[in-house]
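Here the structure is laid out as structure tokens; the discussion comes afterwards.
Naming convention: chains lettered A, B, ... in sequence-line order (proteins, then strands); numbering from 1 in each chain. These numbers come from a predicted model, not from an experiment.
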Amino acid sequence: MNILEIKNLKISIRNKYYEDVLVKGVSFNLQKGDILGIVGESGSGKTLTCKSLINLFENTPLFCNGEVIYNNQNIINLKRNELNHIRGQEISMIFQNPSTHLDPLMKIGDQIAESYIIRQKHTKKEAYSKVINLLKSVNINNPEEKYNSYPHEFSGGMKQRVMIAAALACNPKILIADEPTTALDVTVQSLFLKLLKKLNKDLNISIILVSHDLGVIANICNKIIVMKDGIIQEIGNKHQIINNPQKEYTKELINSYSKNDYIENGFNDNSKDIVFDVKNLNVNWKKTNIFNYFNNKKMSNTSVGIVDVSLKIFKGNRVGIVGESGSGKSTLAKAIINIQKPSNGEIYFNKNNLMNLNKDQTIKMRQDVQMIFQDPYSSLNPKSTIRKLLIEPLKFHKITNKANYEKKIVELIFKVGLDNKFLDKYPHQLSGGQCQRVNIARALSVNPKILIADEPTSSLDVTIQAQIIELIINLCKKMELTLIFISHDLRVVKNICNKIIVMKGGKIIESGSTYEVFHKTKNTYTKELITSVLSIN
Amino acid sequence: MKFDNLIKFLHAHNIKFTLVIGIIIIISWIIIAIFASFISPFDPNTLYLDNTFQYPNLIHFFGTDNYGRDIFSRVIHGSRLDLQMAFIGVVIPFIIGNFIGLLSGYFGGIIDSIIMRLLEITMSFPFFVLVIAIVSILGPGLKSFYIALALVGWVSYARLSRSQVLIVKNLDYILAAKTLGYGNMRIIFSHILPNSMTPSLVFSMTDAILVVLLGSALSYLGLGVQPPTAEWGVMIAEGQIFITSSWWMCLFPGLAIVLLALGFSLCADGLATMLNVKE
């Protein structure tokens, strides 16, 4: 039975001078009890399609036409007060970023109770007991105690569950979830998806799940829509889409997800070839202000980043550092490249202590070790052209003489798969993937021996992710680089690295070759991480 | 055809029409100031005592004052001093303030704490009162006016620039610059400065108006430029006694201040749009 029918939905952005069609005629049906997944990269119109289902376009330049039929009514033509009966009570929505969608000054319980009191005219006492039940059903422990907490006391995953509880408060028939797991850690993500599935079964709610991550979609949905550039590429049952994709784009998407895992067994552990030797490294932060300065430690707060980490990195290896947010993996990388001062412990680079490098050694080290950052946009100076960005390190490290600058940067830009048209552009004129390629080119310009990549793909679309990863692997092989790859995503690391280090709470809890970590797992947390890697089959 | 290209150029560089008009006004004032002795029909300081209190007419466009001096010539010659005040009175605090703000924001810690406390001390005095106090200690005149502005005016620039530096220094491209081994000075001047200067640049335009007004106010109080020098503030002060009978003595120098201020404020508005490079 169709609970929601979408017919030829078009969404455009309009002003006096032009009209740009963003969603170009989308039609699909939602059946009762279904979990429908919409997958596509950024800009494919998936979020807009969802927003139009409860017509969230008032006071925006967005304009939609077509039909969204729910209960024999076309939602798009409804007036505001008619819409209010549907929003929340019939169709509910949860959003991507749980921390910004909760009122920070209101108790968690009261935020959920609000809809009981206003919408369903319950008394406060009734609402309280309902909220407690609801919090229990979304797996929050001690709901009586948590009722009185504020959002900042909750973790990201808990906040997202509260958001669901608030969305479920009015017993909606349809739940729309827009990228609900993107801001969550992998282990939390898999718990969250299980919860969605359970709600679907217990309450018989139809769910529309929007994500850029095919793994998330394939994990719980029974019907999948693939979108690109505002057009539905393919629509069908999960098995049909995954096992027998028809369109080129769908195939590419599936390939980039399930890129065959070539786990390379074994790695270089010749003790002559140690490049980095980290011994008992500790990093913690002290709050400094002028009062603490005179008060000497009495008032200073410390927070801990890394605890007693020791590791050796050998030449030619590709090492992956995995952990969830706050596990200290980025801090470790920053300590290794000598940007973050350790509070305790020693780091040796080619047998020199990083703490006592003289000026020449520092410059040599800065040339040998290069880093690629997470956000491709913010890691390029917005006021310089690409040409200037690439020439600056050449000049500084005196890589070639002035006459060869142009030749060298053209060579670099081709090496990362761009061409010399890009040299005179500014970073904001480039796409995320192109910016990341420029970042890689800049890192390679000084002929480094070690490349550290800090989540280089996590802000990119899946198909582009795959391209960047392939580029990094190829360059590493060609230039015989040692790679340290930091990621929260085991799936990505598995494809790239031959050694894996797992971190949690600032400590290394497991390390070994990729094969060992995956097949002879010792630590329970690692096991949990591995099981929460979503596969599309 | 050429005009079309110009429009396209303006559009491509995000240049608003207000910026163009603002720049035209300021440049016209600069030209007037440079060629003041050619443009003005009379000497600004010669007295024609048989020719006092003339209404604006075809010989004396803006009339004459109580000593028979031609007001049109005095307004034109006055632009030299007022533009000089707007320039020096802004540039010195701009450089000092930005430099201090950069250091304070970039290095942080104890340097930052000391600079910020110093800044708060300066800010706790009312701006005008502090400038007047310093000028009266040093003795009236332009030189003490500039010194006073340098001592007091840097505060706003330092604040603006520090707040920007605090944002910029944590962005990844600064980290990238560090991993490439660049020294602190290179990072500060070629990576942080261009990305943190926009707000203070825009503010400097507004500040230029304030400085001109402050200079005129000080002249009016007798602490700035001394009569008989032709300066707009001085002229307004002189004309004040006669305002009921000879309104033109105050009106025209006043209009000149307004027109210069308009130029600067249009520039400020246009610059703010142009420099905001966003996707």
Quiz item: For Gln367(A), is it the side chain, the backbone, both or neither that has a heavy atom under 4.5 Å from a heavy atom of chain B?
Solution: neither
Quiz prompt | Partner chain B: residue of Gln370(A), Arg366(A), Gln429(A) with the largest heavy-atom pair count (under 4.5 Å) | solution = Arg366(A)
Quiz prompt | Residues in residues 385-401 of chain A near chain B [non-hydrogen atoms, under 4.5 Å] | solution = Glu392(A), Pro393(A), Phe396(A), His397(A)
Quiz item: If you check every heavy atom in residues 178-196 of chain B against those of chain A, which residues fall under 4.5 Å?
Solution: Lys178(B), Thr179(B), Leu180(B), Gly181(B), Tyr182(B), Gly183(B), Arg186(B), Ser190(B), His191(B), Pro194(B), Asn195(B)
Quiz item: By ring pair (Phe, Tyr, Trp, His ring centres under 6.0 Å), which residues pair with Phe203(B), not counting sequence neighbours?
Solution: Tyr157(B)
Quiz item: What part of Ile174(B) gets closer than 4.5 Å to chain A, counting heavy atoms only: side chain, backbone, both or neither?
Solution: neither
Quiz item: Which pair of heavy atoms, one from Tyr173(B) and one from Leu380(A), lies closest together, and at what distance?
Solution: CD2-O, 3.4 Å
Self-check item: Which atom of Ala176(B) lies closest to which atom of Ser379(A), heavy atoms considered
Solution: CB-O, 4.2 Å
Quiz prompt | Which atoms of Thr362(A) approach chain B - backbone, side chain, both or neither, heavy atom under 4.5 Å | solution = neither
Exercise. Give a yes or no on whether Tyr405(A) atom OH has more than 12 heavy-atom contacts from other residues, nucleotides or ligands under 6.0 Å away.
Key: yes
Exercise. With a 4.5 angstrom heavy-atom cut-off, could you sort out which part of Val369(A) is near chain B: side chain, backbone, both or neither?
Key: backbone
Quiz prompt | ring pair (Phe, Tyr, Trp, His ring centres under 6.0 Å) against Tyr146(B), all qualifying residues, sequence neighbours excluded | solution = none
Self-check item: Inter-residue atom distance Ser378(A).OG - Leu171(B).CG, 0.5 Å rounding
Solution: 5.5 Å
Exercise. Check the surroundings of atom NZ in Lys169(B): do more than 12 heavy atoms from other residues, nucleotides or ligands lie under 6.0 Å from it?
Key: yes
